[in-house]
Each structure stands twice: as C-alpha cells, then as structure tokens.
Amino acid sequence: MILVGIEDIDFATGSYVLDLRDLARDLGVEEDKYRLGLGQEMMSVPSCDEDIVTMGAAAAEKLLSRVDKNKIRTLLFATESGIDQSKAAGIYVHKLLNLNSSCRVVELKQACYGATAALQLAASYIKVHPQEKVLIIASDIARYEPRSSAEPTQGCAAVAFVVGNEPKLVALEEPSGIYTEDIMDFWRPNYRQEAFVDGKFSAKAYIHALRSCWIDIQNRFGLRFENFKRFCYHLPFTKMAVKAHHQLLQDHQLLEKEKRLLENLEPSFNYSRLVGNCYSASTYLGLLSLLENAPEDLKGEKLAIFSYGSGCVGELFTATVLEGYSLYLRKQEHRNLLLNRKKIDIEKYRQLLYAPVVKDGSRKEHPHETLGSFRFREIDQHKRLYEKCSPK
Ligand code: CAA
C-alpha cells in the first residue's frame, strides 16, 4: 500500500497583533472572559497590504526549498474569505511563487472545512499519481461584526502543506468519519465582508458534528476511543476544543481521566491562542502547534483530527506521526514570527480590519507595511496587484 501524508508544513500570519486585553477594555468586558472563558490571548491582524494571497504565498514559500517544483502539478487553495467570486486566489500565489505553468489551480470553499476536503482529495490523487506532489494552502481572515460577542474570536493566518508519498510528518490513515447537515450557524453572503454567526448555536453544532463523525467512524471502521493517543481540533477559539473533547470523554465514560486527557490537547493550542481563528487554516495550525510544542516525542502516535466547517460539514480523520518528524519542523522560526508581530492599539486595529472596500474601480495604493515577503500593492480598475518584496 502507498503511504501518503504530509511531507512539509509551514504557516504565515498577519504582521500586526492585538492584545485581547485591549479589546476587552474597549468593549467593557472582563479580561478573563477572553483569556479563560474563550481561551484566547491575542489576535493576528493583517496589515493594509496583506490578504489571503500574501499570507498564502508566505506560508508556501519555504516549502519550495524542500520539494521539486516540477512535481507540483496541483495547487488547492482553501478559503472562506475569497477575494474574487470567479478567479482562484491560488493563481496569484502560483505567479508569486513562480510555479510551473503545468500545474492546475483551484479554490475550495466550505467555511473552515475546505482544507480538509483538499487533503482528502490530494491523498486519493497521490495514490493514482505517486510521482507528483499536491500543494495545499489554507488561508483566511476571520471577520465578524465589530462590537459583537464574536469579535474576540477573529484572527488571520495561512497554513501551507505538501501532500505526497514521502511523508515526513504524518501519514494519513484510511478511517474517517463524516457529517453534513444544512444549518445556518455561520454564513457570509457574497455582499458581506463580515460573517453572520449564531454563536451559541454554532458551538452546539460543532459538538453535534463531532459526535456524529465519531459514530460514523465507529460504525464504518470499528474504531474505539482507546485507538487514539491524541486528538487535535479545529480551533475557532481554544476553549471550543476543550468543550468538544469534554463531551467525547463524557460519551465514553472517561471523565475520571479528564484532567490528563484535556492536558493532552494543550500543545495544539499554543499558536491559535496567539493568532485567533483562521477558519480553513485553523485545524492545521493546531496540528502544527501540536507537532512543534508537545513536550514528548509523538513518534508513532495515532491522531484523531477533527475539522469543522459551519453550514455544516465535519470530518474526523486519522493520521500517524512519523519517526523523525521533528527534524522537519521550523519551531524557532515560528516562535520568532509570532514574537515579531507589531503590537497595535484598538484604533489601528479597527481601521485595518474594517477598512471600506473599494468598489468603483478607482486606484488604491497600499503603503508598504507588511513584515512578510509578499505584498498586496494596489487595486486598480478592479484588479488586484501583488508583488514580491524584501522583508522589512
Ligand atoms: N472569567 C472567566 N470566564 C468568563 C468570564 C470571566 N470574567 N466571563 C464570561 N466567562 C465565560 C462564560 O462563562 C462562558 O464560558 P462557558 O462557555 O464555559 O459557559 C465563556 O466565557 C463565553 O461567554 P458567553 O457564554 O457570555 O459567550 P459570548 O456571548 O461571549 O459568545 C461565542 C461566545 C458564542 C463563542 C462568540 O464569541 C462567537 O459567536 N464566536 C464566533 C462563533 C464561533 O467561533 N463558533 C464556534 C463553533 S463554529 C466553528 O467552529 C466554525 C468557525 O470557525 C466559525
């Protein structure tokens, strides 16, 4: 059987960061509500010359040093916060990264679930075309109504990974439980920048989808809770995973071991706690955080990974951590990336995140603010123009 999985993974985020204590003060909310109630401390904010394309290109750039570009014949770009109703954001990335012209590019959307669909499609594709690699980029900016209770659960990031038959980090396993239902827990009509969300209902829907996926995986593959060493969750805010896992433990009468089993989730929270929600990228930011921050060697551990996209599709899939995985991580670089973000105040944050969209085709140039190596230079005649730049 062909082994398929993740060969390399990296992430990028916005150049700015907002401390959620500042947001709490501004909204007249107790600081602990965000820190303890939601499990969040900071939120990445994109600069005016950053968007899902620049973050996606930055996340994927370093992967190209370890893979033969000519083998990448498919780029799947998953996003909820698409920048065009027609053209795939991945095409801009394809150009910025100078990828081969014989590479198909397509965008996938199902709220926060898109990258998991991309991963499953890529895995099946690689089994038929083992000589190729699939580049997956998940990139999103989470935006809700200002001053709503969802505001502290915003954030932005892109995660990029290479899927192929020489996995170095995790190998994908066949078992997977799936759940789809037409519900309105979170949605964003085409004319809106900010998502609508029925927050409390969405949290219930997440847990319902998880339990349904669990039943599906159990029925189809006969798996038991004990088959998994560790769980890794989609992280709209880290407390969501704690609640979801608590429910699974309760369902399996494992509450007496709850403290230890919940502690097991902690390493997967490190990055999301400081970045916030990044929709389609969030499950994979959690996975990367787990690989880079677990104090013990995870070699051989069976993971159950839960991906949830409102609307809704849930998938609980399985993977095994491979021997030597830590040699392929970039932990120090990621630490620096998070530490080097520029702290901004509430005023700048609101200005950036809720900047009016240019709709009349007039030219809008962006000053050079990003700390990254790609920038969204301007918009002119309804066309977005990007460029590679020297990191500041
Ligand atoms: N100290 C400690 N904890 C405090 C506190 C304090 N001073 N004040 C309040 N809290 C706790 C509350 O007790 C509550 O904890 P429990 O949930 O454990 O009871 C927690 O803080 C949240 O407080 P509220 O119940 O008052 O909730 P809220 O009105 O602030 O809304 C939310 C929370 C619904 C998550 C809202 O932030 C939201 O709508 N977020 C966006 C939607 C979302 O992320 N949904 C997740 C599932 S959908 C999904 O996963 C897809 C996706 O990415 C969007």
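All ligand and atom numbering here is 1-based and tracks the order in the structure.
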Using a strict threshold of under 4.0 Å (side-chain N to carboxylate O), is an ion pair present between D68 and K133? no
In this structure, OH of Y92 is separated from CG of D51 (nearest 0.5 Å) by 9.0 Å
If we number the atoms of ligand 1 from 1 as shown, the ones under 4.0 Å from a heavy atom of K200 are 24 (P), 25 (O), 27 (O), 29 (O), 34 (C)
Atom 53 (O) of ligand 1: of H234, M240, E145, the nearest heavy atom sits on H234
Rounded to the nearest 0.5 angstrom, the CD-CD1 distance for E292 and I9 is 8.5 Å
Closest to atom 36 (C) of ligand 1 by heavy-atom distance, out of G155, G199, S149, is S149
Of all protein heavy atoms, the one nearest atom 11 (C) of ligand 1 is G37 CA, 3.6 Å
### Query
Do F161 and I137 touch side chain to side chain, with heavy atoms closer than 4.5 Å?
no
Is the closest heavy atom of Y144 to ligand 1 under 4.0 Å?
yes
Atom 52 (C) of ligand 1: closest protein heavy atom, distance to 0.1 Å, is C112 SG, 3.5 Å
Near F186 (heavy-atom distance under 4.0 Å), the atoms of ligand 1 are 54 (C)
The atoms of ligand 1 lying under 4.0 Å from a heavy atom of P236, numbered in the order shown, are 44 (O), 46 (C), 50 (O), 53 (O)
Output for pair (T54 OG1, E387 CD), nearest 0.5 Å, gives 11.5 Å
task = Using the six-membered ring of F376, assess whether NZ or CZ of R384 lies under 6.0 Å from its centre and within 45 degrees of the ring axis.
result = yes
the protein heavy atom lying closest to atom 40 (N) of ligand 1 turns out to be T153 OG1, 3.3 Å
Ligand 1 atoms nearer than 4.0 angstrom to some heavy atom of K239 are 18 (O)
- Task: Please indicate whether any nitrogen or oxygen in S310 is less than 3.5 Å from any nitrogen or oxygen in ligand 1.
- Result: no
d(H252 NE2, Q247 CD) to nearest 0.5 Å is 10.5 Å
- Query: Are the aromatic rings of F225 and F231 close, with centres under 6.0 Å apart?
  - Reply: yes
For atom 13 (O) of ligand 1, is some protein heavy-atom partner under 4.0 Å away? no
Answer yes or no for K388 and F374: cation-pi contact, defined as NZ/CZ to six-membered ring centre under 6.0 Å and angle to ring axis within 45°. yes
Q.
Regarding K168 and D8, does a basic nitrogen lie under 4.0 Å from an acidic carboxylate oxygen?
A. no
Residue, atom and distance of the protein heavy atom nearest atom 23 (O) of ligand 1 read K33 CE, 3.3 Å
In ligand 1, the atoms that come under 4.0 Å of a heavy atom of E30 are 7 (N)
Atom 45 (N) of ligand 1: closest protein heavy atom, distance to 0.1 Å, is S202 OG, 2.8 Å
The atoms of ligand 1 lying under 4.0 Å from a heavy atom of Y206, numbered in the order shown, are 50 (O)
Q: Using the six-membered ring of F196, assess whether NZ or CZ of R192 lies under 6.0 Å from its centre and within 45 degrees of the ring axis.
A: yes
of all protein heavy atoms, closest to atom 17 (O) of ligand 1 is K243 NZ, 2.2 Å
Rounding to 0.5 Å, atoms NE2 (H234) and CE (M240) come to a distance of 9.0 Å
The protein heavy atom nearest to atom 33 (C) of ligand 1 is L38 CD2, 4.1 Å
Note: V197, heavy atoms under 4.0 Å from ligand 1, region reported as side chain
Partner of L303 under side-chain contact (heavy atoms from CB on, under 4.5 Å), picked from V321, L298, T318, is V321
for atom 1 (N) of ligand 1, nearest protein heavy atom and its distance come out as D32 CB, 3.4 Å
Note: N277, heavy atoms under 4.0 Å from ligand 1, region reported as side chain
